[in-house]
Amino acid sequence: MKRLITLKVNGEEVTVGVEPDKTLLWLLREGLNLTGTKEGCGAGECGACTVIFNGKAVNSCLVLAVEADGAEVYTIEGEAKDGQLSELQKAFIEHNALQCGFCTPGMIMAARALLNRNPNPTEEEIKEAIEGNLCRCTGYVPIVEAIKAAAAREARK
């Protein structure tokens, strides 16, 4: 039996009916057609499905959709504003911090959660923030460099 929940997704309030066994990942991708969040392992080990849930980076495959009732969720679709990439997205492109791109939305969401709470992170703090996100093709050096560059740019604004 579906349960009606209301949450904010990328700043917009939505009310949807969800089955109690469906995940937040399923709700975002199938229920709300926000397909930027990727399903990787489905077990919370790869970080591809990372979103910001009430201010914290979480694996959306491990959160039941009903737990999102009253929550605020931020996805990769919320990162660009008015069709313009964010400084973080631009930095990922400029530093070649993506190849196949499958892990990129989760990496960016983990980085965004970090920059929201700590706009001037150390390299060690960046590494800790993305340690739950696996990338098999780029390696982590360009990703860390991109996050450092984005932090510096956002600090100047």
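Position 1 is the first residue of the sequence, and the numbers go up from there. All figures in this text were calculated on a predicted structure; none of them were measured in a lab. Just so you know, these numbers use all the heavy atoms, side chains as well, and skip hydrogens, waters and symmetry mates.
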Rounded to the nearest 0.5 Å, how far does CD of Glu145 lie from CD1 of Ile126? 8.0 Å
Check whether any side-chain heavy atom of Leu134 sits under 4.5 Å from a side-chain heavy atom of Cys103, and report yes or no. no
Looking at Glu87 and Lys157, is any side-chain nitrogen of the basic one under 4.0 Å from a carboxylate oxygen of the acidic one? yes
Any Lys22 side-chain heavy atom under 4.5 Å of Leu27 side chain: no
Would you confirm whether Tyr74, through its side chain, and Gly78, through its main-chain N or O, come within 3.5 Å as a donor-acceptor pair? yes
Test item: side-chain donor near acceptor, Thr75 and Glu77, under 3.5 Å: yes
Pair Lys127 + Glu123: basic N to acidic O under 4.0 Å: yes
Between Leu24 and Glu67, is there a side-chain heavy-atom distance shorter than 4.5 Å? no
Atom pair CZ (Arg136) and CZ (Phe102), whose distance is rounded to the nearest 0.5 Å: 10.0 Å
I need the minimum non-hydrogen distance between Thr138 and Pro142, along with the two atoms involved. CG2-CG, 3.7 Å
Please determine whether the number of non-hydrogen atoms from other residues, nucleotides or ligands lying under 6.0 Å from atom NZ of Lys56 exceeds 12. no
Have a look at Glu79 and tell me which of Leu85, Asn10, Ile52, Ile108 forms a side chain to side chain contact (heavy atoms under 4.5 Å, CB included) with it. Ile108
Does the distance from a Lys or Arg side-chain N to an Asp or Glu carboxylate O, for Lys8 and Glu72, drop under 4.0 Å? no
Quick one: are Asp69 and Leu7 in side-chain contact, heavy atoms under 4.5 Å? no
Is the shortest distance from a Lys or Arg side-chain nitrogen in Arg29 or Glu39 to a carboxylate oxygen in the other one below 4.0 Å? no
